[in-house]
Amino acid sequence: QKEVEQNSGPLSVPEGAIASLNCTYSDRGSQSFFWYRQYSGKSPELIMFIYSNGDKEDGRFTAQLNKASQYVSLLIRDSQPSDSATYLCAVSPTGTASKLTFGTGTRLQVTL
Amino acid sequence: GAVVSQHPSRVICKSGTSVKIECRSLDFQATTMFWYRQFPKKSLMLMATSNEGSKATYEQGVEKDKFLINHASLTLSTLTVTSAHPEDSSFYICSARERGPQETQYFGPGTRLLVL
């Protein structure tokens with residue numbers, strides 16, 4: 001069974017610190033990786049996607065992909081209280097085109 | 001860009017009635033739309049994949065006669081919950097995949113259904 005695993009948290013970081021969110025996946029042939037942010041009671045919002053090994057930066061967010069280790073992470077620099085949300089990792093497995101498998105999410109709390 | 005809308009945002013209905021939820025891609029053409037449901041403090045559960053002009057593909061355990069999906073155009077998919085019961089109460093979210101080589105899905109704001 002293809003799985004995406006995340007630590008449920010909560011992950012608590014002080015304002016201004018770096019938050020590091022991790023995700024592992026079981027399907028070695030996965031091609032596309034996504035991070036979504038979901039505020040309580042709201043639908044997921046796309047933050048970043050990454051396809052190639054290495055780092056991809058967008059503002060305060062950096063996604064890191066290591067296909068050999070089957071690991072994808074999201075770093076949030078200068079964390080703000082407004083970053084407090086659940087972060088969902090999603091993977092597009094081989095052969096299923098656009099269907100995504102979601103992790104259960106990591107709840108992030110940024111404290112003042 | 002990449003805006004997806006859903007209507008209604010919230011609906012309360014009596015047990016036994018049917019409820020239709022619309023999902024629209026506002027500024028792009030979506031060859032594929034997806035329907036998810038989410039229970040409180042749980043992750044998204046994919047219910048079905050909807051392709052324009054063809055029958056939806058349902059995930060295991062999802063009753064296709066209970067959850068009717070129609071994807072009549074490249075910008076509109078509908079989910080009808082037939083003969084709704086209290087256990088169908090949930091947060092229903094659609095997403096749309098933009099036409100092209102990328103896999104990116106954009107989510108609608110969701111519809112909260114409460115069946116009394």
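Throughout, protein chains are lettered first and strands after them, A, B, ... in sequence-line order, and every chain is numbered starting at 1.
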**Request:** Verify the ring-centre separation between Tyr36(A) and Phe102(A): is it less than 6.0 angstrom?
**Result:**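 Yes, close enough.
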Got a donor-acceptor contact below 3.5 angstrom from the [X] side chain to the [Y] backbone?
X	Y	value
Ser79(A)	Ile18(A)	no
Thr17(B)	Lys14(B)	yes
Asp27(B)	Ala2(B)	yes

**Item:** Those residues of residues 58-94 of chain B, ordered by number, that approach chain A below 4.5 Å (heavy atom to heavy atom)
**Value:**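 Within residues 58-94 of chain B, the residues that come under 4.5 Å of chain A (heavy atoms only) are Glu59(B), Phe91(B), Ile93(B).
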**Flag side-chain contact, heavy atom, 4.5 Å: Arg112(B) against Leu114(B)** =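 No; the side chains remain at least 4.5 Å from each other.
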**Structural part of Gln38(A) lying under 4.5 Å from a heavy atom of chain B** = side chain
**Asked** Is it the case that one hydrophobic cluster holds both Leu100(A) and Met45(B), taking links as side-chain heavy atoms less than 4.5 Å apart, direct or via other members?
**Response**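 No, because Leu100(A) and Met45(B) fall into different hydrophobic clusters, even though each may have its own neighbours under 4.5 Å.
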**Message:** Is Gln38(B) in contact with chain A via its backbone, its side chain, both, or neither, using a 4.5 Å heavy-atom distance?
**Reply:** side chain
**Request:** Salt-bridge test for Glu22(B) and Lys20(B): reply yes if a basic N is under 4.0 Å from a carboxylate O, no otherwise.
**Result:** no
